[in-house]
Amino acid sequence: MPELPEVETVVRSLRPQLLGRRITAVELPTRAMNGSSGNLLQRLLSGPPEVFQERLCGARVKGIRRYGKNIVMTLDRKGNLPAGSSLLIHLGMTGRLVFEHVPEPLRPHTHVIFSLDRSGCWLHFSDPRRFGKLRLMGNDFHELNRLGPDPMEISCDEFCRRLHSRCARLKSLLLDQRFLRGLGNIYADESLARARLHPAAIGARLSRRRSAALYQAIREVLAQAIALGGSSISSYVDAAGRAGWFQQAHQVYGRTGEPCFRCGAGIRRLVIASRSTHYCPRCQRAGRPQARETAARGRMAR
DNA sequence: TGGAATGTTCGGCT
DNA sequence: AAGCCGAACATTCC
């Protein structure tokens with residue numbers, strides 16, 4: 001579920017119900033299910049489940065924000081919680097945070113259920129593949145400090161400087177969270193498609209003009225995706241259970257073999273950085289892109 | 001049956 | 001050093 005637009009959408013939908021609420025209980029439904037579950041839960045919570053429960057009980061949610069693909073909940077000091085603590089949540093590949101009206105699991109792989117005061121609902125965390133993480137942090141943000149700038153905050157000049165200092169392929173760079181925080185496989189492909197750049201093009205070799213085009217494309221794709229509530233490609237929903245609509249605006253992701261909306265050529269798939277990469281072989285040329293505009297227009301008209 | 005899936009991290013190689 | 005690759009993590013879906 002989770003790239004920058006999806007996480008941003010989840011954060012926004014969490015706020016109304018969660019801001020200012022106190023966590024009154026933390027249930028861990030999968031804890032006692034079988035022998036291996038204990039270890040798996042330990043991994044999910046980055047520590048002993050009991051500590052996670054004890055520390056969080058009684059804490060009040062002061063703030064909720066997104067940092068790359070992470071959700072950061074700042075908590076006020078209550079009971080067992082050290083000062084300046086935050087709950088860091090990464091949704092991994094299939095993690096979901098959804099408000100439900102019952103305190104019992106409604107789906108398999110519901111690992112955490114938060115009870116809240118004065119709300120009449122419970123916050124459920126589920127994650128079939130368990131690539132997600134919930135971890136309590138003190139003031140040590142060193143994990144987050146390793147991440148690169150937010151694509152919506154960085155300036156064009158700074159983006160170009162970073163780009164020109166790297167010899168890696170564009171697709172690899174966009175997936176690298178130390179280069180930019182928040183892009184994943186969908187939005188890397190969609191951004192490159194919008195900028196009409198080949199995914200295997202080398203960052204340091206891009207002209208200033210094309211670098212700026214990539215910068216713009218990333219911001220436009222992300223802004224549009226956020227406006228549409230993210231991409232629901234398998235089961236992603238926000239905290240209110242609503243699906244996103246940006247998957248209907250995808251130009252290349254998941255469209256292998258289908259015609260490019262711009263020129264009609266078949267969308268191709270290749271593997272870069274061990275990830276599936278989708279692009280239009282005509283619009284996204286390695287050398288000189290977009291030479292076929294007139295012919296493309298003619299084809300589209302028919 | 002095998003492969004792929006919106007992610008991150010690791011070790012090994014060039 | 002920088003970049004690349006594959007494996008690992010765990011589960012579901014086609």
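Chain letters run A, B, ... following the sequence lines, proteins first and then strands; every chain starts at 1. Remember, predicted model here, so these are calculated numbers, not experimental data.
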Could you label the plane-to-plane angle of the A:Phe246 and A:His250 rings as parallel, tilted or perpendicular, counting under 30° as parallel and over 60° as perpendicular? perpendicular
Who pairs with A:Pro151 by side chain to side chain contact (heavy atoms under 4.5 Å, CB included), at least two apart in sequence or on another chain? A:Leu4, A:Leu180, A:Ile218, A:Leu222
On DNA chain C, more 5' by nearest nucleotide between A:Val271 and A:Phe131 is A:Val271
Sequence neighbours excluded, the answer for salt bridge (Lys or Arg N to Asp or Glu O under 4.0 Å) partners of A:Arg162 is none
With A:Arg269 via salt bridge (Lys or Arg N to Asp or Glu O under 4.0 Å) - residues at least two apart: none
Can you measure A:Leu175 atom CG to B:dA5 atom P for me and round it to whole angstrom units? 12 Å
Of all residues at least two apart in sequence or in a different chain, which pass the salt bridge (Lys or Arg N to Asp or Glu O under 4.0 Å) check with A:Glu54? none
May I ask you to evaluate whether A:His90 reaches the phosphate of B:dT8, defined as a side-chain N or O under 4.0 Å from OP1 or OP2? yes
Between protein and nucleic acid, restricted to nucleotides 12-14 of chain B and to nitrogen or oxygen atoms under 3.5 Å apart, what atom pairs and distances do you find?
none

Donor-acceptor pairs are to be reported for all side-chain atoms of residues 17-29 of chain A against protein atoms at under 3.5 Å, with residues two or more places apart or in another chain.
from: A:Arg21; atom 1: NE; to: A:Asp117; atom 2: O; distance (Å): 3.1
from: A:Arg21; atom 1: NE; to: A:Asp117; atom 2: OD1; distance (Å): 3.4
from: A:Arg22; atom 1: NH1; to: A:Gly58; atom 2: O; distance (Å): 2.7
from: A:Thr24; atom 1: OG1; to: A:Ser115; atom 2: O; distance (Å): 3.4

Kindly express the pairing pattern of DNA chain B in dot-bracket notation, using | wherever a base pairs with another strand and counting only Watson-Crick or G-U pairs under 3.5 Å. .||||.||||||||
Nearest-Å distance, CE (A:Met93) to P (B:dA4)? 13 Å
Non-neighbouring partners of A:Phe114 that pass ring pair (Phe, Tyr, Trp, His ring centres under 6.0 Å), sequence neighbours left out: none
Send over the distance from A:Asp176 CG to B:dG7 C1', rounded to a whole Å. 13 Å
Using the heavy-atom set of chain A and a strict 4.0 Å cut-off, write down the first and last nucleotide of DNA chain C that makes it in, 5' to 3'. C:dG3 to C:dT12
Which residues satisfy the side chain to side chain contact (heavy atoms under 4.5 Å, CB included) test with A:Gln216, sequence neighbours excluded? A:Glu220
Rounded to whole angstrom units, what separation is found between the NZ atom of A:Lys171 and the C1' atom of B:dG7? 13 Å
What integer distance in Å separates A:Tyr67:OH from B:dT8:P? 14 Å
Please tell me whether A:Leu192 and A:Ile202 are part of a single hydrophobic cluster in this structure, the criterion being side-chain heavy atoms less than 4.5 Å apart. no
When rounded to whole Å, the CG to P distance for the pair A:Leu91 and B:dG7 reads 11 Å
Run the side chain to side chain donor-acceptor pair (under 3.5 Å) test against A:Gln247 and tell me which residues pass, sequence neighbours left out. none
Using the P atom as the point on both nucleotides, what is the distance between B:dT8 and C:dA1, in whole Å? 24 Å
Tell me: CZ of A:Arg146 to C1' of B:dT8, nearest whole Å? 10 Å
Base, sugar-phosphate alone, or nothing: which one does A:Ser232 contact when heavy atoms must sit under 4.0 Å apart? nothing
Does a nitrogen or oxygen in the side chain of A:Lys69 sit under 4.0 Å from OP1 or OP2 of B:dT8? yes
Give the rounded distance in Å between these two atoms: CZ of A:Arg43 and C1' of B:dC10. 14 Å
For A:Arg15, check salt bridge (Lys or Arg N to Asp or Glu O under 4.0 Å) against everything at least two apart and list the hits. none
Decide, yes or no, whether a salt bridge links A:Arg181 with A:Asp150 under the criterion of side-chain N to carboxylate O below 4.0 Å. yes
